[in-house]
Structures are given as C-alpha cells and as structure tokens.
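Only one structure is covered here, and it is reproduced in the block below.
Computed from a predicted structure; not experimentally measured. Just so we're on the same page: letters track the sequence lines, and every chain starts at 1.
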2 protein chains.
Amino acid sequence: MRFSTRLSDSVHILCFIYLNPDENLSSERIAESVRTNPGYVRQLMSLLRKAELISSTKGHAKPMLAKEAGEITLRDVYRAIEGDKPLLHLDTHTNPECGVGVNIQLALQEYYDRIQAAAEAEMARITLQDVLDGYHERIKGNKR
Amino acid sequence: MRFSTRLSDSVHILCFIYLNPDENLSSERIAESVRTNPGYVRQLMSLLRKAELISSTKGHAKPMLAKEAGEITLRDVYRAIEGDKPLLHLDTHTNPECGVGVNIQLALQEYYDRIQAAAEAEMARITLQDVLDGYHERIKGNKR
DNA sequence: CCTATTGTAATTTTAATAATAACAGCATAT
DNA sequence: ATATGCTGTTATTATTAAAATTACAATAGG
C-alpha cells in the first residue's frame with residue numbers, strides 16, 4: 001500500500017479548525033488546504049467526532065474543537081484515527097508446521113508492545129497546542 | 001499497500017540462523033519457515049549482511065550471525081532493513097498555496113522525530129537474545 | 001420549499017510490499 | 001574439470017491497504 005498520512009491529515013484538520021474559528025468551514029474548504037477530497041476529510045472528521053475531539057452537526061459547516069488545544073494530545077488523535085492498529089506488524093503467516101516461526105512471532109509481540117508503548121507515551125507528551133506553537137514560530141520566521 | 005512485515009521477517013531469519021548453527025541453511029530452507037520465497041529471504045539477508053549483522057558467502061549455504069545475539073538490537077535490525085524510513089509519515093502533498101498545510105506539516109516533523117527517537121530508543125533496549133529467551137520460554141511452556 | 005452541507009457507505013484508483021522469475025558467479029564434491 | 005547447488009542481484013508481477021471518488025439520505029438555515 002501507500003503509507004498512511006491519516007495522522008498527519010487529522011492534525012492538519014484539527015489545526016485548520018482551530019485557526020479558522022469564525023469562517024464557514026465546509027469539508028470542501030478544508031479539503032482544499034489538505035489538497036484532497038471532501039469525502040476523505042469527512043471520514044477523518046467522523047472518527048475525530050466519535051473520539052470527542054471535535055463537535056460538528058449534519059448540514060452545518062461549523063466544526064469546533066471539543067477540547068482546548070492544550071488538552072488534545074497526538075496520542076488522542078492517533079487512537080481516534082488508527083484505533084488499535086500498531087506501528088509495527090508481526091508476520092502472522094509463517095509456516096505453522098515449523099514451530100520456530102510461530103513462536104518467534106509470538107515472542108516478538110511482547111517487545112513490539114513495549115515499542116508501541118514508548119511511541120505512544122511520547123505522543124501523549126505532545127499537544128495540538130505544541131504543534132500550533134511550532135506552526136506560529138514558522139510563520140513568524142518566514143516573515144523575517 | 002499491505003503493511004510491512006520486513007522487520008518481523010528479518011528477526012525471524014536471524015533467530016533461525018542462530019538456532020540452526022550446523023545445518024545446511026539455504027535461503028530455501030529459511031523461506032520454508034517464514035513461508036515465503038527464497039528471493040525475498042535473500043533480499044533481506046543482503047541488507048542484514050550490508051549492516052554487518054550476518055556474514056554469508058556466495059554459493060555457500062552457511063550464513064552466520066556476525067555478532068553475539070546479545071549485541072544485536074532491534075534498532076540495528078530496523079535500520080538495516082528500513083534505513084531512514086520512519087514509522088509515521090507527513091503528508092507532503094498539501095496545497096502549497098495555503099500556507100497552513102505546508103507549515104503545519106513542517107512543524108509536525110519535529111514532533112514525529114521525537115516519537116521516532118522514543119520508539120528507536122526502546123528498540124535499542126531489546127536484543128536478539130531477549131527475543132530468543134522469549135522464544136525458549138514459549139517452547140518450554142508448550143511442553144508442559 | 002430550496003440550497004448547501006453533513007454523515008455514511010460503496011466503489012475505484014494508487015502505490016508500497018511481497019511474490020515470482022531469471023541469471024551470472026562462487027563453492028563444493030565427485 | 002565438470003557438474004551441481006546455492007548465493008547475490010535485478011527485473012517484473014501480484015497483492016492489498018490507503019486515498020480518491022462517487023453517491024445519496026438527512027439536517028440546518030434561509
């Protein structure tokens with residue numbers, strides 16, 4: 001497959017909502033910024049809404065963050081979008097007649113869980129506000 | 001794309017080499033255990049050899065670990081196989097006319113780097129020996 | 001009522017990965 | 001030395017998850 005940009009796109013959407021609180025924010029307008037199509041934006045927003053990170057109502061183009069930007073972490077967004085899908089994947093298709101493969105993979109799971117936990121712990125330390133701060137610094141820098 | 005099992009398969013290969021030090025270990029024999037084809041096994045082994053994790057010679061079916069199992073970390077394997085490819089990917093295809101997208105993505109990079117570093121730091125704490133220990137415990141457990 | 005938009009699902013296209021195939025070159029045995 | 005088996009490498013094809021696209025019922029607001 002192509003590799004996933006869903007987390008990046010979701011953060012983009014959240015920032016875009018934060019940065020445009022008053023305007024009419026249709027999925028089409030957001031899609032223009034992400035350079036994708038409104039359907040994809042609405043799919044991601046649907047997941048963000050189910051995770052209670054944004055609020056939005058059918059027919060009304062005014063999505064809003066449901067929490068402060070400082071209260072939304074990258075882990076919240078990751079879990080909203082990816083659910084339990086991990087960063088690393090076992091090969092679950094090894095030869096079952098050769099016990100080595102199966103048991104190595106099962107042993108690996110335990111360590112992959114640790115790696116996943118370390119990554120998610122770091123995600124939990126990063127908020128949408130941090131990303132927005134980085135964004136604003138960049139904007140300032142460009143104006144110099 | 002389908003998601004990558006290259007790291008898992010590479011660990012499998014390394015363990016298989018460790019566990020079968022004397023036998024004739026052709027890529028075909030390893031491929032049977034991974035349930036894949038010899039060409040794929042040789043591709044991964046080529047990367048492992050370039051990273052000096054194994055040694056092998058053309059025409060001679062006797063690959064060997066180039067280091068102690070306790071000296072090979074998951075980060076070594078990950079970097080051998082994936083190089084600089086990260087776990088999380090920016091969307092580098094946002095609308096350049098809308099500065100928001102571009103700058104949000106650039107701001108994100110800094111935080112993705114932190115997440116990648118956290119994940120790799122945990123990988124660096126896990127050795128092939130750890131995985132082998134987990135494997136042996138599992139084998140023992142099954143015999144009970 | 002009419003228009004714009006959401007929320008959702010179904011289908012198609014794209015692209016990274018794994019599978020497959022092919023072959024020159026080396027090692028070992030006979 | 002010759003034959004056989006295997007490696008190392010490259011090229012091509014198939015597979016499959018992600019993104020793009022399409023469609024439409026349902027709601028908000030004028």
The side chain of B/Arg42 is closest to which nucleotide in this list: C/dT8, D/dT7, C/dA18? D/dT7
State whether A/His60 places a side-chain N or O below 4.0 Å from either non-bridging phosphate oxygen (OP1 or OP2) of D/dG29. yes
In whole angstrom, give the distance that lies between atom CZ of B/Arg2 and atom P of D/dA17. 8 Å
Indicate yes or no: does A/Glu120 engage A/Arg79 in a salt bridge with an N to O separation below 4.0 Å. yes
Nearest nucleotide by nearest heavy atom, which residue falls closer to the 5' end of DNA chain D, A/Thr36 or A/Thr57? A/Thr36
Counting just side-chain N and O atoms, does A/Arg6 come under 4.0 Å of either OP1 or OP2 of D/dA18? no
Rounded off to whole Å, could you give me the NZ-to-P distance for the B/Lys62 and D/dT7 pair? 11 Å
For A/Gly99, is there any backbone N or O sitting under 3.5 Å from a side-chain donor or acceptor partner on A/Asn103? yes
Looking only at the side chain of B/Ser26 (C-beta and beyond, no hydrogens), which of the listed nucleotides C/dT5, C/dT17, D/dT7 gets closest? D/dT7
Take atom CD of A/Gln43 and atom P of D/dA17, then tell me their distance rounded to the nearest Å. 16 Å
At less than 4.0 Å, is any side-chain N or O atom of B/Ser46 found next to OP1 or OP2 of D/dG8? Yes or no. no
I need the NE2-P distance between B/His93 and C/dT13, as an integer number of Å. 19 Å
A/Leu108 to A/Leu90 - nearest heavy-atom pair and separation: CB-CD2, 3.8 Å
Between A/Thr5 and A/Gly39, who's closer to the 5' end of DNA chain D by nearest nucleotide? A/Thr5
Taking CZ from A/Phe3 and P from C/dT14, how many angstroms apart are they, rounded to a whole number? 17 Å
At under 4.0 Å, does any side-chain N or O of B/Ser56 touch on OP1 or OP2 of D/dG8? yes
Using a cut-off of less than 4.0 Å, is there contact between a side-chain N or O of A/Tyr40 and OP1 or OP2 of D/dA20? no
Protein-nucleotide distance (A/Asn37, atom CG; C/dT13, atom P), rounded to Å: 14 Å
For B/Leu25, answer base if it contacts any base atom (sugar-phosphate contacts may also be present), sugar-phosphate if it contacts only those atoms, and nothing otherwise; contact means non-hydrogen atoms under 4.0 Å. sugar-phosphate
For a quick test of reading the model, state the closest non-hydrogen atom pair linking B/His89 to B/Lys85 and the distance between them. CE1-CG, 4.0 Å
CZ of B/Arg29 versus C1' of D/dG5: gap in Å, rounded? 16 Å
Salt bridge flag under 4.0 Å for residues A/Lys140 and A/Glu137: no
How close or far is atom P of D/dA17 from atom NE2 of B/His89, stated in whole angstroms? 16 Å
